[in-house]
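Step one of this worksheet: look at the structure below.
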Amino acid sequence: MPLLEVENLTIDYHGRTGAVTAVEDVSFSLEKGRSLGIVGESGCGKTTIGMALLRLLPENGVLRKGSIRLGGDDVLSLSAKELRAFRWKRISMIFQAAMNALNPVHRVGDQVMEAIRIHHPAFSAEKIREEVAALFDLVDIPEARINDYPHQYSGGMKQRAVIAMALSCRPDLVVADEPTTALDVIVQDQILRKIREIQDRLGIAGIFISHDIGVVAGICHDIMVMYKGRIIEQGCREEVFVSPGHPYTISLLSSYLTIDGVFDLHADTAEPECIPVDESRPGACAYAPHCPRADADCFVHPPAWREKSPTHGVLCSKTC
Amino acid sequence: MMSDTTAPDSAILEVQNVSRIYRSRRFLFARDDKGITAVDNVSLHVRLGEVFGLVGGSGSGKTTLGRLILRLEHPDGGDIRFEGMSVSSLRGRGLKAFRRRMQMIPQDPYQSLNPYFSIYDTVAEPLVIHGIGDDAARHELVRKALESCGLSPAQDYYPRYPHQLSGGQRQRAAIARVMVLDPDFVIADEPTSMLDASISFSIFRLLSKIRKKQRVTFLFITHDLAAARFFCDRIAVVRQGRIVETGPTVAVIENPQHEYTKSLIAAQPRFSFVKNPAEGEV
Amino acid sequence: MKAIAAAGTGKNETRSFRMQAFLEGWSLFYENIVGRIGLYLLILFGLMALASYIPPLIDPMYHPMTGVDPDISYASAPSWRHWLGTDNIGRDIFTQLLTGARVAFLVGISAAFISIVIGTLLGMIAGYGGRVLDSVLMRFADMIMVMPSLLVILLLSVLFGQLSIWIIVMLIALFRWPAVARVIRSQTLSLKQRPFIDMARVAGASHVRILFRHILPNVLPMALLYMTFRVTSAIIVEAALAFLGFGDPNTVSWGMMLQWVWKTGHMFQAPWWLLPPGICISLITLAFYMMGRAMEEVLDPRLRKTKGPDYAAS
């Protein structure tokens with residue numbers, strides 16, 4: 001049985017002017033110890049999924065439909081008390097701009113200790129201190145720096161401290177939302193390697209959310225591409241990269257700059273134009289206005305989910 | 001990099017031993033305060049018509065160097081020469097003429113457009129400031145600038161406000177505002193760092209199109225070697241306010257000399273598993 | 001720009017930022033019960049001020065200052081002829097109350113407006129002008145801010161005799177700008193760091209252009225907010241001055257009415273005379289204050305009760 005099962009997840013945001021569907025009919029599962037990358041442009045609903053997994057949706061976010069099961073437990077039916085234990089112990093999150101997640105007036109070590117103490121009240125002070133030392137060792141922060149304040153840390157160290165905090169209760173699943181945005185290329189590379197290494201060592205499953213397919217490609221087994229709230233392509237990393245099925249994925253990959261030149265697989269796709277999207281046809285393919293393959297049919301009928309292989313699916317009627 | 005310090009005749013911009021030190025402003029008389037050296041004795045030159053890249057991590061001083069060249073800040077030492085004129089000595093009319101020729105493409109399209117200006121007013125403002133053309137001529141220039149930046153039909157965008165545009169469209173409007181003056185030298189400070197990967201590529205395409213069409217010299221500031229490779233003729237790698245390596249882009253990337261350049265290259269994401277799926281087992 | 005008609009796929013496509021911000025702000029404001037009560041109260045007082053022109057037209061005896069009921073020469077209780085009664089020489093209190101509303105608006109709004117103009121200008125200049133100018137202007141502002149304004153105005157009126165209502169308005173304005181200047185200065189300081197100001201500089205814009213075309217529209221909402229608070233304080237200062245006997249003797253303000261009640265010894269004899277101006281002063285200052293608080297919530301999202309997509313809290 002997979003560790004995480006998400007089925008038909010649909011989430012609306014209720015604004016002052018009405019409801020907007022942020023995530024529509026999203027289903028996926030994740031095995032223990034594996035990692036999944038969610039890629040998409042800003043506003044495609046990827047962050048919303050991450051928040052929903054931890055039941056951290058903002059007040060105006062409503063989960064209209066679907067189910068989330070982690071290790072067999074129904075996440076959506078947890079009581080407030082169960083939820084407190086569930087977050088951090090079973091599933092934890094590394095937020096966007098996580099360096100701001102540290103409280104500037106407390107020592108970094110104390111903040112991590114606090115997280116452990118809350119979830120393991122039975123632990124002795126000595127035991128907690130050992131745990132913290134082990135965690136800091138895991139993320140390569142020297143022991144001497146445990147009692148520093150956040151402002152004494154560099155950006156990369158803060159990020160690693162936040163990772164240590166997310167791992168403090170040894171969760172089964174870590175959700176990382178843009179874990180390296182705002183970091184240097186070199187630091188980003190270090191952090192990603194570190195996360196990968198820790199994941200392998202502790203057997204933790206991970207969900208990595210990013211707009212940068214390059215970040216995700218380096219660390220994830222599976223990749224899920226989202227567009228306007230829907231999954232448009234899902235598959236193993238190699239499948240998605242070698243034979244991308246959805247025109248959006250193709251344009252993402254062909255516009256990715258690598259140090260060896262443009263990612264050259266599908267080099268000549270049309271440049272995406274700034275076409276104002278007409279939202280008048282509900283159900284029709286949202287990408288159709290930008291799509292080189294689109295014909296009249298795409299603007300009317302909902303796109304079909306095509307399986308290219310048992311593990312690789314594409315939401316496009318024009319894919320064979 | 002030693003051979004690079006003397007500028008050839010074709011240099012449009014020369015930066016000579018420029019330093020910039022930020023001092024704490026707390027105490028008026030605290031003169032012993034050493035401060036933070038953001039730019040440390042940097043020399044470089046940019047040739048007419050080329051794209052020169054400044055590559056470095058955050059806090060390397062590359063943005064400060066760009067601001068010094070734009071004369072948004074003054075250097076604490078050294079000299080910056082634009083076509084032989086010392087930039088820091090410019091005043092009044094000379095400064096205004098310089099502003100017309102040297103422009104900047106901003107980093108963050110969400111912050112760099114005045115929210116109270118419509119797109120037409122945003123793009124037309126430089127023309128108004130420099131008193132270029134009458135209303136009809138300005139209208140034509142604004143239309144051309146917007147359309148050459150991929151915002152067409154331009155009329156649709158005139159009355160809109162920045163909050164009604166997407167990030168990519170805003171950045172295009174910001175570029176149109178720069179190009180409407182037909183500048184000779186453009187500094188692009190991480191023009192895509194706030195945009196999604198798929199949109200940033202189209203901005204790069206736009207910049208290279210502009211470069212081909214109009215004879216513009218670019219100084220391209222970035223943290224991304226891959227983008228520099230795509231766009232730049234020559235690059236300088238900056239670290240902690242100093243240039244550690246400079247040379248033609250391909251030469252620097254394929255044969256890096258300095259350790260820092262090597263680690264920058266090693267940190268780039270690569271998709272090696274794609275070409276050799278068997279190797280890509282993670 | 002004739003393009004406006006051609007543009008836009010939706011109807012709010014072409015709304016200016018100012019318009020959009022105003023409409024959004026307005027609906028937020030209107031949802032706020034405090035702001036709505038404040039607004040209704042102000043409309044009521046506004047109607048009173050407008051209505052104050054009517055009674056003297058009906059009969060000269062309803063003139064608030066000079067109109068005396070020939071039949072009454074004592075403080076009479078409310079009657080059909082005088083809804084709120086009369087003062088001790090037979091002047092109609094209801095008319096005086098209406099006129100007081102007019103004067104309160106006049107004093108409050110003009111004093112607030114002048115102090116906002118001074119405060120915004122100096123605040124912007126201090127914030128934009130660099131360290132020396134900033135220090136000079138702000139120390140000057142501090143000096144004025146710590147002066148006990150009521151006391152100084154009292155001293156001035158002792159020195160120069162009775163002050164006219166316009167001099168009082170000017171004095172209130174001159175003592176009340178520093179707080180505005182401080183807020184506008186700090187806003188300007190942070191705006192100055194915003195890239196669009198750099199972009200304007202790179203485009204060659206002059207300092208005057210940057211100040212008035214780029215910074216001013218951005219600080220204006222805050223200035224308007226402070227105006228409502230300044231109105232409150234101006235009305236209170238004027239009322240205090242008038243009550244203490246240093247008001248303009250030719251103007252019927254609520255403070256002046258209170259002064260008359262007190263001076264003629266009717267404090268506890270004629271509640272119909274004492275209470276209306278007292279209640280009105282409290283209510284109008286409360287109304288402006290409530291408006292200000294509601295506007296503040298519109299301008300500062302942190303004060304809103306309904307949370308946006310801010311997940312860090314949970």
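Computed from a prediction, not measured in an experiment: that's the story for all the values here. Below, read A as the first sequence line, B as the second, and so on, with proteins coming before strands; counting in each chain starts at 1. Just so it is clear, the values below take in all heavy atoms, side chains as well, and ignore hydrogens, waters and symmetry mates.
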**B:Leu113 portion near chain C, given a 4.5 angstrom heavy-atom threshold** = backbone
**Message:** Counting heavy-atom pairs under 4.5 Å with chain C, which one of B:Lys96, B:Arg177, B:Gln107 comes out on top?
**Reply:** B:Arg177
**Asked** Taking the side chain as C-beta and beyond, is there a heavy-atom pair between C:Phe196 and B:Pro115 under 4.5 Å?
**Response** yes
**Minimum side-chain heavy-atom gap C:Val202-B:Arg71 below 4.5 Å** = no
**Prompt:** Do you know which two heavy atoms are closest between C:Gly204 and B:Ile129, and how far apart they sit?
**Reply:** O-CG2, 3.3 Å
**Message:** Looking at B:Arg215, I'd like to know if its CZ atom is crowded, meaning that more than 12 non-hydrogen atoms belonging to other residues, nucleotides or ligands lie closer than 6.0 Å.
**Reply:** no
**Message:** Within a 6.0 Å radius of atom CZ on C:Phe140, are there more than 12 heavy atoms belonging to other residues, nucleotides or ligands?
**Reply:** no
**Request:** Assess whether side-chain contact (heavy atoms from CB on, under 4.5 Å) is satisfied between B:Asn114 and C:Asn218, documenting all intermediate values.
**Result:** CA-CA 9 Å; B:Asn114 189 334; C:Asn218 283 285; 3.5 Å; yes
**Message:** With a 3.5 Å distance limit and no angle check, can you tell me whether C:His214 reaches the backbone of B:Tyr116 through a side-chain donor-acceptor pair?
**Reply:** no
**Request:** Scan for ring pair (Phe, Tyr, Trp, His ring centres under 6.0 Å) pairs involving residues 83-113 of chain B, sequence neighbours excluded, and state none if there are none.
**Result:** B:Phe82-B:Phe98
**Request:** May I have the step-by-step check of side-chain contact (heavy atoms from CB on, under 4.5 Å) for C:Met199 and B:Glu125, ending in yes or no?
**Result:** CA-CA 11 Å; C:Met199 291 309 291; B:Glu125 194 194 18; over 6 Å; no
**Toward chain B, the part of C:Arg201 with a non-hydrogen atom under 4.5 Å** = both
**Item:** Value rounded to 0.5 Å, distance of CD in B:Glu73 from CG in C:Asp198
**Value:** 8.5 Å
**Fill in**
The reported gap from CZ in B:Phe117 to CZ in C:Arg213 (rounded to nearest 0.5 angstrom) is 4.0 Å
For residues 219-231 of chain C, dump all side-chain donor-acceptor pairs below 3.5 Å to protein atoms at least two apart in sequence or in another chain.
| from | atom 1 | to | atom 2 | distance (Å) |
| --- | --- | --- | --- | --- |
| C:Thr228 | OG1 | C:Leu225 | O | 2.6 |
| C:Arg230 | NH1 | C:Arg176 | O | 3.3 |

